[in-house]
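Here, residue 1 is the first one in the sequence, and each next residue gets the next number.
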Amino acid sequence: MNRKSIALFASGNGSNAVNLIDFFHNHPQIEVKTLVCNKADAPVVSKAKIRGIEVLTFTNEEFESGLTVLQELDYRAIDWIILAGFLRKIPVNIIHGFQDRIINIHPSLLPKFGGKGMYGKYVHQAVIEAKESQSGISIHLVNEEFDQGKILAQFKTSVDPEDTCDTLSEKIHQLEHKHFPIIAEQTILNS
Ligand code: GRF
């Protein structure tokens, strides 16, 4: 059986992207084929290359139109897209080209703290300011509405009074690293 091919999309540090690359290394049914990035100097780029993963970078205009990106994904026979800290909006033509085959991770318990402007530390800041006692992660499919696709799984952690953005981010990253690869694997294999 042909392995399912994944394109990872990431913009920054890439701890989730690296964790997924390592998890699927030598996987019998799933292969990370390429990493798509919008910044040639993002730390994730060298981390992926060291692991032997091809990196594709596109300009902002190319991301907005989506056409070149789609062509490159088609050329590589990509089956699934996984967004792992990707900060640009996915254009509608890519969403339609990969209907129900784009997975995202969001660092809050959606629908809370989702939507435009809610990414990275802004999410954690908002959670702390709202004095939430719990936060967590949401792994979900991507549709045209920001952070509103079908939720595949959520995992919780406590928010303690002494938590800062940094400590909460650390707790969230631990949850992400533990659960994201497994949920992605189950979703792809059960599709
Ligand atoms: C993660 O917290 C993820 O939930 C969010 O962006 C962050 C990326 O972190 N979408 P990293 O670059 O994978 O370390």
Kindly write out the residues that satisfy side-chain hydrogen bond (donor to acceptor under 3.5 Å, both in side chains) with [X], not counting sequence neighbours, or none if the list is empty.
X    : answer
E31  : none
D100 : none
N38  : S11
Q148 : none

Non-neighbouring partners of [X] that pass side chain to side chain contact (heavy atoms under 4.5 Å, CB included), sequence neighbours left out:
X    : answer
K49  : V45, V55
Y122 : Y119, Q125
D41  : K39
K156 : L109, Q134

Check: Would D160 and K171 pass as an ion pair if we require N to O under 4.0 Å?
Finding: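 So D160 pairs with K171 through a salt bridge.
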Check: Between D22 and R51, is there a salt bridge with N-O shorter than 4.0 Å?
Finding: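 Salt bridge flag = yes for D22 with R51.
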Can you get from [X] to [Y] by hopping between Ile, Leu, Val, Met, Phe, Trp and Tyr side chains that sit under 4.5 Å apart?
X    : Y    : value
I188 : L152 : yes
I50  : F24  : no
L8   : F58  : no

Closest heavy-atom contact between [X] and [Y]?
X    : Y    : result
P107 : V123 : O-CG1, 3.4 Å
M118 : D147 : O-OD2, 4.5 Å
A42  : G12  : CB-O, 3.8 Å
F113 : A130 : CZ-CB, 3.9 Å
I103 : A184 : CD1-CA, 4.1 Å
I182 : K178 : CD1-O, 3.6 Å

Determine whether [X] and [Y] make a side-chain contact, defined as any pair of heavy atoms from C-beta on separated by less than 4.5 Å.
X   : Y    : result
V36 : F63  : yes
L56 : L35  : no
I78 : I6   : no
S15 : H173 : yes
C37 : V44  : yes

Margin query: Given 3.5 Å as the limit, does a donor-acceptor pair link the side chain of S138 with the main chain of S108, or not?
Written below: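 Indeed, once roles are kept as given, a pair shorter than 3.5 Å links the two residues.
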Check: Just checking, is any N or O donor in the side chain of S135 or H124 under 3.5 Å from an acceptor N or O on the other one?
Finding: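 Checked: S135/H124 side chains show no N/O donor-acceptor pair below 3.5 Å.
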Margin query: Does H25 have more than 12 heavy atoms from other residues, nucleotides or ligands lying within 6.0 Å of its NE2?
Written below: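 No, NE2 of H25 has 12 or fewer neighbouring heavy atoms, counting only those of other groups under 6.0 Å.
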Next item on the list: Before giving the answer on side chain to side chain contact (heavy atoms under 4.5 Å, CB included), spell out for L73 and F98 the whole-Å C-alpha distance, their side-chain angles and the decisive distance to 0.1 Å.
Entry: CA-CA 10 Å; L73 298 179; F98 284 81; 3.9 Å; yes
First locate atom [atom1] of [X], then atom [atom2] of [Y], and finally report the distance between them rounded to the nearest 0.5 Å.
X    : Y    : atom1 : atom2 : answer
T164 : E170 : OG1   : CD    : 10.5 Å
H96  : L70  : NE2   : CG    : 11.5 Å
E176 : I172 : CD    : CD1   : 6.5 Å
T157 : L168 : OG1   : CG    : 7.5 Å
I30  : L20  : CD1   : CG    : 10.5 Å
I139 : N104 : CD1   : CG    : 9.5 Å

Checklist line | CA sep, side-chain torsions, deciding dist, call: L175, F180, side chain to side chain contact (heavy atoms under 4.5 Å, CB included) | finding: CA-CA 8 Å; L175 280 184; F180 195 18; over 6 Å; no
Notebook entry, point to check: Does K121 have any salt bridge (charged side-chain N to carboxylate O under 4.0 Å, His left out) partners at least two apart in sequence or in another chain, and if so, which?
Noted result: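 If we apply the salt bridge (charged side-chain N to carboxylate O under 4.0 Å, His left out) test to K121, skipping adjacent residues, there are no hits.
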Item checked: Working for side-chain hydrogen bond (donor to acceptor under 3.5 Å, both in side chains), residues K47 and N13 -> CA-CA 9 Å; K47 292 177 187 175; N13 191 34; 2.9 Å; yes
Notebook entry, point to check: Does the side chain to side chain contact (heavy atoms under 4.5 Å, CB included) test come out yes or no for V32 and I53, once each step is laid out?
Noted result: CA-CA 8 Å; V32 175; I53 302 293; 4.2 Å; yes
Margin query: Applying side chain to side chain contact (heavy atoms under 4.5 Å, CB included) to I94 and V69, what does each step give before you reach the verdict?
Written below: CA-CA 8 Å; I94 297 186; V69 182; 3.7 Å; yes
Notebook entry, point to check: Pairs in or reaching into residues 136-157: which pass ring-ring contact (aromatic ring centres under 6.0 Å, His included), with residues at least two apart or in two chains?
Noted result: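 ring-ring contact (aromatic ring centres under 6.0 Å, His included) check on residues 136-157 returns F155-H179.
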Next item on the list: Write out all pairs satisfying side-chain hydrogen bond (donor to acceptor under 3.5 Å, both in side chains) with one or both partners inside residues 180-191, taking only residues at least two apart or from two chains.
Entry: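 Qualifying pairs, neighbours excluded: H27-E185.
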Can I get a per-line list of side-chain donor-acceptor pairs under 3.5 Å for residues 80-88, giving both atom names and the distance, sequence neighbours left out?
{"residue": "R88", "atom": "NH1", "partner": "N60", "partner atom": "OD1", "Å": "3.2"}
{"residue": "R88", "atom": "NH2", "partner": "E64", "partner atom": "OE2", "Å": "2.8"}

